[in-house]
K.L.:
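What follows is a structure written as structure tokens; I'll ask about it next.
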Amino acid sequence: MTSADVLHLLPLIVLAGGTIIGMLGIAVYRDHILTLVITLGTLIGAFVTLRFPLHSPNEYITPLVQFDGYAIFFLGLLFLTALAVAVMSYGYMRGRAVVREELYILLLIAMLGCSVLVSSTHFASFFLGLEVLSVSLYALAAYLRSQPTDIEAGLKYLIPAATSSSFLLFGMAMVYAHTGTMELSGLAQFATGTWHKSDLLALAGMGMILIGIGFKLALVPFHFWAADVYEGAPAPVTALIATASKGAVFALLLRYFSAMGIQVREPFFVIFTVVAIASMFLGNYLALFQSNLKRLLAYSSIAHMGYLLVAFLAGGRLAVTAVMFYLLAYFITTLGAFGVLTALSNKDTDFSHLAGYRGLVFHHPLLGTVLAVMMFSLAGIPLTAGFLAKFYVLFAGVRSALWLLVLVLIVNSVVGLFYYLRVIVAIYQPVPLTPEESRAGQPYRPAPSASLIGGVLLVVLTVGLIWLGVYPGPVIRWIEALLGL
Amino acid sequence: MILAGLLIITAGGGILAWVVGAWSERACRWVALLALCADLALLIFVWVSYSASGGALMEPPWLLQIDYPWIGPLGIRFHLGMDGLSLLLVTLTAFLGIASVGASWTEIREHVPAFHLTLLWTLAGTMGVFLALDLFLFYFFWELMLVPMYFLIGIWGHEGRVRAAYKFFLFTQGGGLLLFAGILGLYFLHARNTGVYSFQYRELLQGVASSSFAFMLMLGFFLGFAVKLPVVGLHTWLPDAHTEAPTAGSVVLAGLMLKTGAYGFLRFALPLFPNQSAELASAAMILGTIGILYGAFLAFAQTDAKRLVAYTSISHLGFALLGIYAGNRLALQGAIIVLLAHGLSTGGLFIVVGALQERFHTRRMDELSGLWSSIPRMGGVAMFLAVASLGLPGLANFVGEFLVLTGTFAVSPVLAAIAALGFVLSSIYSLWLIYRLFQGPERRMKEAPDLGGREMAIFGAIIAVIIWLGVYPQPVLTTAKPTVDSLVSSATYVMQAADEFGERERSPYEETGAPEAEYDER
């Protein structure tokens, strides 16, 4: 291993090193702010060191991971996401009477898993990354042990994730048994050729792998865990599950399948189409009835994964750009929405009941506006990144003439509007006083646990969202440059 | 630069009004008013200098254009252009914008700065729709005008506002997405045929070969615009939204937002898909005729004055649809006049009803009657607007509807005859409205002031323009002429519609253009 190789791998090394420093730091001197600073420093360091692989993207070092432009885009996105989650967690954890520092360590470990995942080119690194990510997420989901919902969330995440891991492993074994390779390049060679009857074993293995991925992405029919986990987990952790975990798995899905190109071939095309349509319809349909913002966002994220599958199914370079742009917009939006939710949560409970959001904009103008903008972005309204993201997905779909999926997406966008508008309506509805409140003389106001740095984060996210929605040219060009288009 | 200036003045004026509003509500209203007045002055300047130049243009039919790259990688440009039709509709936008700021001067008391921000942004979006020459940009503005409108209804509306705002948003968004799918489909179809990836109107104008795919694309465009217009069957959002919106919202909805649908037909659906539109022309004309009668019938059945006015919009825009798809010169000119006239007369009626509601806190016609003796000025204004709306000769609506009927007669005498019944029905509902509100037994109502100076100024301006359009519409027809000419020349759909209705030869004055000439001399 030369020094150039070390430089190349520096982002991962910084991340792993920072995790260890953080752990040792806690052992020496337990302090919330110190741990936060170490975490932020590690993430910024990892982000900055991405420039080394950026200059030599195709220098292939290990058979396990490859830092090409595609991986670098997602690594950068993930590091920034983790940065945002850490910032959010600070205000959220500050007032709580629990052990706070380990949350950041677990966050860094989860990031390590995500990073391996998005740059993986081998089944071993695929599985390794996924397990590192999952194990830290089990702990994170159940982080606030004193609350029964958190334990429930942790368990509900553990069981499907463990099940899906076993599916995944079995699938990998079957593929390996038939093809004799676990490397992506070898698999691509197999998958792009013509298939014979004897290849059934490998294809069934691929199907098993898809089940595993479907669980992670909470695609229908593997979506049952999503709402409960979203609801029970602490708000910043939910943000992490909704963004980094799903995004990294989707990035992996796209890398493997666009290399193998089997999503546009039978029978996988039909399977993906059915899953996409079911995810869009069921996600949106179930979201209609939620009175809890976290659950609403959980079902909406199922639908959004369905939208992403439309671009994924379209195939080709355009689809890759579309998915990358969509995930970028989706990350910003989701982080913003959960950022508001986190800021509004007090030290006992998460502020997730929609009824509590009535009239938000009148007593917390900043938070209300940010949440409204995020909802508009999720609904795909112009001036926000969500609009261009949806445009990109439709663009890819129409280009590949996937008319059925495009029409389903359109119908679902309208259905989705229903519940996004419900949140917006709530934000702008003046609150009538309940009898108790008028007796007390003071209406109930959520007591925000926001920190200054959290407020800055929300402003940055909102500005970024609108900038992407108004002038996305440079970002699109940058994505295309990374992909080497 | 003037085109970007219009958008910047309107949107920037909104932001300025919002900022200033934190300090003084009065200043906020003035800023909004002045921004729109600046727009109007700019537009009149453009119009006058265009007329003075005798219609000589750099690049016909565009009076003004600006064109900058926007999202380079996808071939999307920030391309605005103004021809005669856009000029007329943008001028209407600025004019009705001023009227709606004036009409909300005392009506809106809550969240005043935010109200003016949303109102001006709605207007900016509408202007953008009338100016965009890049289909992506067009769709961008098309969606953009919905959001502030949604807030306008949802926050400052009446009792059922939340439901109405929902319904409005869902319907128009659904239609909008179909339109968007149509735009994307056209983009790729064009790229496949020519190898050029572009959302530019000029590029896409080259016409599409007949195929069932192109027909589906046209249908996407048609449905998107039909929801906005609204065409009967897709109209159910309209009565709710118009009724529940605050006065300014109703004026903008009826006066401008419905026009964006008609504009979409004229600018995009017909020129981009001439052959496919031909196949749909007869159906569209029948729908237009049904709309005329249906809207009028339902208007008559209302007890809520605002709802009544809302249903008349369906009826009037039925004429517009009929005229657009009849497709000959007279009918198209008529349709354009109908758009302007309807914006003025119906906008005016909404302001009357809004003023009544502000004074008596009800819009129900069975709770109001005999108001003439206590507020005679308002009675007079309402009477004038009602007879304008029923199509009294000498006023704007008559010119438009008469031209549409004449044009339609050339294509299908039967439909023209049926549509002419709309005149009878509109007389009934308009006079019924006046009778119920202003005549009849005098009730013991609480004392209310008659129209003040501010209101009289608004109505005075509206009435003056209605009379001008009714007596001397030639400047407007001249301004719209290049647009109409290019539409007629591309309008193969006219012949086909005529064939379907069994007309063996075109009506004789189509060739001579005689009625138009006669009309000019009037």
K.L.:
For Phe141(B), which atoms come within 4.5 Å of any heavy atom of chain A: side chain, backbone, both, or neither?
P.N.:
neither
K.L.:
For Tyr285(A), does the OH atom have more than 12 heavy-atom neighbours from other residues, nucleotides or ligands under 6.0 Å away?
P.N.:
no
K.L.:
Answer with side chain, backbone, both or neither: which region of Leu394(A) has an atom nearer than 4.5 Å to a non-hydrogen atom of chain B?
P.N.:
both
K.L.:
Taking the ring of Phe391(A) and the ring of Tyr139(B), is the distance between their centroids below 6.0 Å?
P.N.:
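No - the distance between ring centres of Tyr139(B) and Phe391(A) does not fall below the 6.0 Å cut-off.
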K.L.:
Do you know which two heavy atoms are closest between Phe418(A) and Leu170(B), and how far apart they sit?
P.N.:
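Distance-wise, the nearest heavy atoms are CZ-CD1, 3.1 Å.
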K.L.:
Could you tell me whether the side chain of Phe169(B) reaches within less than 4.5 Å of the side chain of Ile424(A), counting heavy atoms only?
P.N.:
no
K.L.:
Pick whichever of Val414(A), Leu421(A), Leu383(A) has the most heavy-atom pairs under 4.5 Å with chain B.
P.N.:
Leu421(A)
K.L.:
Please report the closest heavy-atom contact between Phe199(B) and Phe395(A), naming both atoms and the distance.
P.N.:
CZ-CE1, 4.2 Å
K.L.:
Treating Tyr187(B) as the side-chain partner and Arg399(A) as the backbone partner, does any N or O pair qualify as donor plus acceptor under 3.5 Å?
P.N.:
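Not at all, since once roles are kept as given, no pair shorter than 3.5 Å links the two residues.
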K.L.:
Give the minimum heavy-atom separation between Leu144(B) and Pro382(A), together with the two atoms involved.
P.N.:
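Heavy atoms only, the tightest pair is N-CG, 4.0 Å.
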K.L.:
With a 4.5 angstrom heavy-atom cut-off, is it the side chain or the backbone of Phe78(B) that approaches chain A, or both, or neither?
P.N.:
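It is neither, since no heavy atom gets under 4.5 Å.
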K.L.:
So, do Phe136(B) and Tyr392(A) have ring centers that fall under 6.0 Å from each other?
P.N.:
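For Phe136(B) and Tyr392(A), the ring centres are not under 6.0 Å apart.
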K.L.:
Quick check on Leu409(A) against chain B: is it the side chain, the backbone, both or neither that has a heavy atom closer than 4.5 Å?
P.N.:
neither
K.L.:
Stepwise, does the side-chain contact (heavy atoms from CB on, under 4.5 Å) test hold for Tyr166(B) with Arg422(A)?
P.N.:
CA-CA 9 Å; Tyr166(B) 254 107; Arg422(A) 256 181 62 208; 2.6 Å; yes
K.L.:
Output the distance between atom CD1 (Ile476(A)) and atom CD1 (Ile76(B)), rounded to the nearest 0.5 Å.
P.N.:
7.0 Å
K.L.:
Relative to chain A, which segment of Leu184(B) carries a heavy atom at a distance below 4.5 Å: side chain, backbone, both, or neither?
P.N.:
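Both backbone and side chain.
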K.L.:
Using non-hydrogen atoms and a 4.5 Å limit, figure out which bit of Leu74(B) sits close to chain A: side chain, backbone, both or neither.
P.N.:
side chain
K.L.:
side-chain contact (heavy atoms from CB on, under 4.5 Å) for Phe180(B) and Val398(A)? Distances and angles first, verdict last.
P.N.:
CA-CA 11 Å; Phe180(B) 192 46; Val398(A) 170; over 6 Å; no
K.L.:
Counting only heavy atoms not in Glu110(B), do more than 12 fall under 6.0 Å of its CD?
P.N.:
no
K.L.:
Return the CZ to CD distance between Phe376(A) and Glu143(B), rounded to the nearest 0.5 Å.
P.N.:
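Atom-to-atom, Phe376(A):CZ and Glu143(B):CD are 11.0 Å apart.
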K.L.:
Which answer fits Tyr150(B), side chain, backbone, both or neither, if we ask what part of it has an atom under 4.5 Å from a heavy atom of chain A?
P.N.:
side chain
K.L.:
Without swapping roles, check the side chain of Trp70(B) against the backbone of Gly473(A) for a donor-acceptor pair under 3.5 Å.
P.N.:
no
